[in-house]
Engineer: 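Dropping the structure in here first, questions after.
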Amino acid sequence: MSSSQHQSPTPPALIDLQAEFDRIVGPDNVLADEAGRRAYAHDRLPFANFCERQGRLAGVLPRLVLRPGTADEVQAIVKTARRLGVQLIPYGSGSGVLGGAIPISAEVTVDLRRLGRIVSIDPGDAMVTVQAGMNGAALEAELNAQGYSTGHLPQSIEISTVGGWAACRGGGQASSRYGKIEDIVIGLKAVLPDGTAITVRPLARRATGPSIRDILVGSEGTLGIITELTMRIWKLPEVEHGVVLAFPSVPAALNAAREIMQAELRPMVARIYDSTESRDRTQGMAEFQDRPILAIYVFGGRAPLVAAEQQMAMEICALHGAMEAGPGPYEHWRKNRYVALSTPWQKAGYFSDTIEITGNWTALPAMFEAMGTAARAICPDVHFGAHWSHIYAEGACQYMTVRLPPMEHEKALLLHARLWQAIEDLALDHGGSIAHHHGVGVFRNGWIARELGGALPMLQQIKDVLDPGNLMNPGKLGLRSPEGAVVVGHVNSAPSRQEP
Ligand SMILES: Cc1cc2nc3c(=O)[nH]c(=O)nc-3n(C[C@H](O)[C@H](O)[C@H](O)COP(=O)(O)OP(=O)(O)OC[C@H]3O[C@@H](n4cnc5c(N)ncnc54)[C@H](O)[C@@H]3O)c2cc1C
């Protein structure tokens with residue numbers, strides 16, 4: 001077990017450092033007291049929650065927390081940090097579940113939420129420009145009021161920022177229709193680790209070399225601070241139809257989803273639940289007695305297109321043995337779509353976590369079986385449930401909930417470590433990716449070498465050139481940690497297996 005109990009010492013230069021940053025953002029926007037800093041010592045990484053139940057931190061306290069109100073202030077912070085050799089962590093809302101915002105060395109955290117407003121809505125070009133610290137639900141509400149949506153609707157929309165979405169390369173619940181965040185962001189502004197402010201002008205597309213936008217999207221705060229985003233917007237759907245289906249088996253439901261996407265249909269939402277997750281959602285429903293697998297599809301857009309798309313998709317589902325069922329599971333999902341389902345379990349002493357991976361269609365059924373078998377072998381009492389959402393022509397995201405019952409703490413951490421190890425290794429063994437939309441943070445560092453293979457040194461070289469002092473969110477995304485950094489998690493520095 002490699003988490004640390006130590007806290008960062010108060011550095012001798014703290015007072016001077018505070019004065020330096022006071023001058024930029026004003027004293028009211030520099031948090032130096034322990035209570036203020038403690039709120040930024042964790043994100044939603046479940047391992048951090050487990051540590052805190054034991055009265056310790058997974059990482060360390062940030063040295064200071066800064067709350068800039070403008071992009072110019074962000075730039076001044078970065079330049080000052082570079083001059084003083086201070087490490088920085090960009091912070092959205094701390095809803096990340098991989099520890100990307102957790103300090104591990106002597107970082108100063110930069111909370112971006114005061115950059116929280118819409119800059120412009122441009123219906124003519126179908127885009128919105130928004131400051132990076134704006135809350136996702138607030139953005140969506142303002143757009144909805146004018147008849148638009150970005151189409152990016154993550155479960156965490158109420159507790160995350162748009163900058164965090166882009167930094168983590170996230171995916172929303174309507175992604176099969178509108179795409180993931182990398183399809184939705186078309187322009188951005190950012191401050192690079194040397195203090196240079198860059199702009200990627202919002203355009204439908206360009207052929208001008210590798211995409212600078214895509215170097216920043218998914219960089220998890222390691223290559224700069226995103227200050228502004230321009231995103232695609234769409235007219236709100238004229239109609240939205242939710243359909244509940246009962247399938248005879250998981251492979252039947254997955255095959256139907258594959259054929260739907262390969263037929264170029266684009267449901268807004270597609271969710272297929274394994275038998276464990278289906279059972280929880282269909283109790284008492286006669287339709288599921290012989291067909292135990294639940295699928296929920298939502299079709300949305302212009303009425304005639306929706307009708308045609310839904311009809312074609314239903315024909316495909318029927319060929320795979322599905323029958324339509326009552327709307328209860330759809331209504332329940334809709335009501336709870338932005339609720340954090342694990343919170344009550346954590347509060348009751350369970351050790352709950354989620355792991356989302358990507359697999360291609362031909363690999364998914366065997367991968368799913370292997371992961372369930374491995375999880376139950378590690379702990380017969382584990383709750384292992386999976387659903388598939390974010391579907392593509394090539395494959396899908398498999399989203400798993402692994403939950404250990406209340407037990408002795410050290411034993412739970414050991415089992416938790418083994419569950420992660422087995423599931424991430426099996427994702428790679430089956431040709432999949434270790435992460436579909438939650439990112440890498442610090443907790444997935446142990447697998448990134450195997451995930452990227454020979455390309456990890458290339459990523460490190462990009463980091464070294466842009467950030468030679470390793471000052472921007474160091475030690476995240478599988479990149480080099482600062483000397484003496486705390487290791488967060490079980491496997492941070494111990495890659496499981498090397499690629500042959
Ligand atoms: C209940 C729950 C449900 C979730 N559901 C989804 C989901 O459906 N889809 C999904 O994609 N994710 C989901 N997540 C994960 C999380 O909400 C996302 O990763 C989210 O995008 C993080 O945003 P944030 O603003 O909270 O970022 P933080 O947690 O504050 O930061 C995350 C990472 O991004 C970096 N970062 C943040 N802002 C910036 C910036 N402006 N510039 C540069 N780097 C920055 C940080 O340094 C850190 O590395 C869920 C999390 C929870 C707790």
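First listed ligand is number 1; within each ligand, the first listed atom is number 1. No hydrogens, no waters, no symmetry mates; every other heavy atom, side chains included, goes into these values. The first residue of the sequence shown is numbered 1, and numbering continues consecutively from there.
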Engineer: Can you spot which of V162, L229, L139 makes a side chain to side chain contact (heavy atoms under 4.5 Å, CB included) with V128?
Structural biologist: L139
Engineer: If the cut-off is 4.0 Å to any non-hydrogen atom of G171, which atoms of ligand 1 fall inside it?
Structural biologist: 7 (C), 8 (O), 9 (N), 10 (C), 11 (O)
Engineer: If we ignore angles and hydrogens, is there a donor and acceptor under 3.5 Å between the side chains of Q173 and R271?
Structural biologist: no
Engineer: Would you say the side chains of T129 and T230 form a donor-acceptor pair under 3.5 Å?
Structural biologist: yes
Engineer: With L45, which of V97, D353, I102 fulfils side chain to side chain contact (heavy atoms under 4.5 Å, CB included)?
Structural biologist: I102
Engineer: With heavy-atom distances below 4.0 Å as the criterion, list the atoms of ligand 1 near L112.
Structural biologist: 40 (C), 41 (N)
Engineer: Would you say G100 has any N or O atom under 3.5 Å from an N or O of ligand 1, going by distance alone?
Structural biologist: yes
Engineer: What part of S156, side chain from CB on, backbone N/CA/C/O, both or neither, has a heavy atom under 4.0 Å from ligand 1?
Structural biologist: both
Engineer: Establish, yes or no, whether a centroid distance under 6.0 Å links the rings of H241 and F299.
Structural biologist: no
Engineer: For residues 217-224, which side-chain N or O atoms pair as donor and acceptor with protein atoms under 3.5 Å away, sequence neighbours left out?
Structural biologist:
residue	atom	partner	partner atom	Å
S219	OG	L216	O	2.7
E220	OE1	G441	N	2.7
E220	OE2	V440	N	2.7
T222	OG1	S219	O	2.7

Engineer: G170 heavy atoms, cut-off 4.0 Å: which ligand 1 atoms fall inside?
Structural biologist: 11 (O)
Engineer: Quick test of your reading of the structure: of P90, G94, C397, whose heavy atom lies closest to atom 28 (P) of ligand 1?
Structural biologist: G94
Engineer: Looking at ligand 1, would N473 count as a contact under a 4.0 Å heavy-atom criterion?
Structural biologist: yes
Engineer: Nearest non-hydrogen atom to atom 8 (O) of ligand 1 belongs to which of E228, R337, R169, Q155?
Structural biologist: Q155
Engineer: Decide whether an N or O pair under 3.5 Å exists between D43 and ligand 1.
Structural biologist: no
Engineer: Got a salt bridge between E356 and R444, using NZ or NE/NH1/NH2 to carboxylate O under 4.0 Å?
Structural biologist: yes
Engineer: G164 heavy atoms, cut-off 4.0 Å: which ligand 1 atoms fall inside?
Structural biologist: 21 (O), 23 (O), 24 (P), 25 (O), 27 (O), 37 (C), 38 (N)
Engineer: Is the distance between the ring centroids of F443 and H438 under 6.0 Å?
Structural biologist: no
Engineer: Look at atom 42 (N) of ligand 1 and find which of L477, I226, T227, I89 reaches it with the closest heavy atom.
Structural biologist: I226
Engineer: If only atom types and distance count, is the side chain of N336 paired as donor or acceptor with the main-chain N or O of V339 below 3.5 Å?
Structural biologist: no
Engineer: I need the nearest protein heavy-atom contact for atom 7 (C) of ligand 1: residue, atom name and distance, please.
Structural biologist: P154 CB, 3.5 Å
Engineer: Considering non-hydrogen atoms of the protein only, which is the closest contact for atom 25 (O) of ligand 1, and what is the distance?
Structural biologist: T161 OG1, 2.7 Å
Engineer: Any idea which protein heavy atom is nearest atom 33 (C) of ligand 1, and the distance to it?
Structural biologist: C168 SG, 3.5 Å
Engineer: Hey, which atoms in ligand 1 end up nearer than 4.0 Å to a heavy atom of I225?
Structural biologist: 42 (N), 43 (C)
Engineer: Can you sort out which atoms of ligand 1 are near H438, meaning under 4.0 Å from one of its heavy atoms?
Structural biologist: 12 (N), 13 (C), 14 (N), 15 (C)
Engineer: Kindly indicate, with the supporting measurements, whether the criterion side chain to side chain contact (heavy atoms under 4.5 Å, CB included) is fulfilled by F368 and M400.
Structural biologist: CA-CA 9 Å; F368 164 63; M400 291 156 280; 5.9 Å; no
Engineer: Which ligand 1 atoms are under 4.0 Å away from a heavy-atom of A340?
Structural biologist: 1 (C)
Engineer: Taking atom types as modelled, is there a side-chain donor on T80 or E20 under 3.5 Å from an acceptor on the other?
Structural biologist: no
Engineer: What is the nearest protein non-hydrogen atom to atom 51 (C) of ligand 1, stated with its residue, atom name and distance?
Structural biologist: S95 O, 3.3 Å
Engineer: Taking only heavy atoms of G224 into account, list the atoms of ligand 1 that are under 4.0 Å away from them.
Structural biologist: 43 (C)
Engineer: Below 30° counts as parallel, above 60° as perpendicular, anything between as tilted: where do the rings of Y399 and H437 land?
Structural biologist: parallel
Engineer: Please list the nearest protein heavy atom to atom 29 (O) of ligand 1 with its residue and the distance rounded to 0.1 Å.
Structural biologist: G96 N, 2.8 Å
Engineer: To which protein heavy atom is atom 34 (O) of ligand 1 closest, and what is the distance rounded to 0.1 Å?
Structural biologist: A167 CB, 3.4 Å
Engineer: With distance as the sole criterion, is a donor-acceptor pair present between the side chains of D122 and S120 under 3.5 Å?
Structural biologist: yes
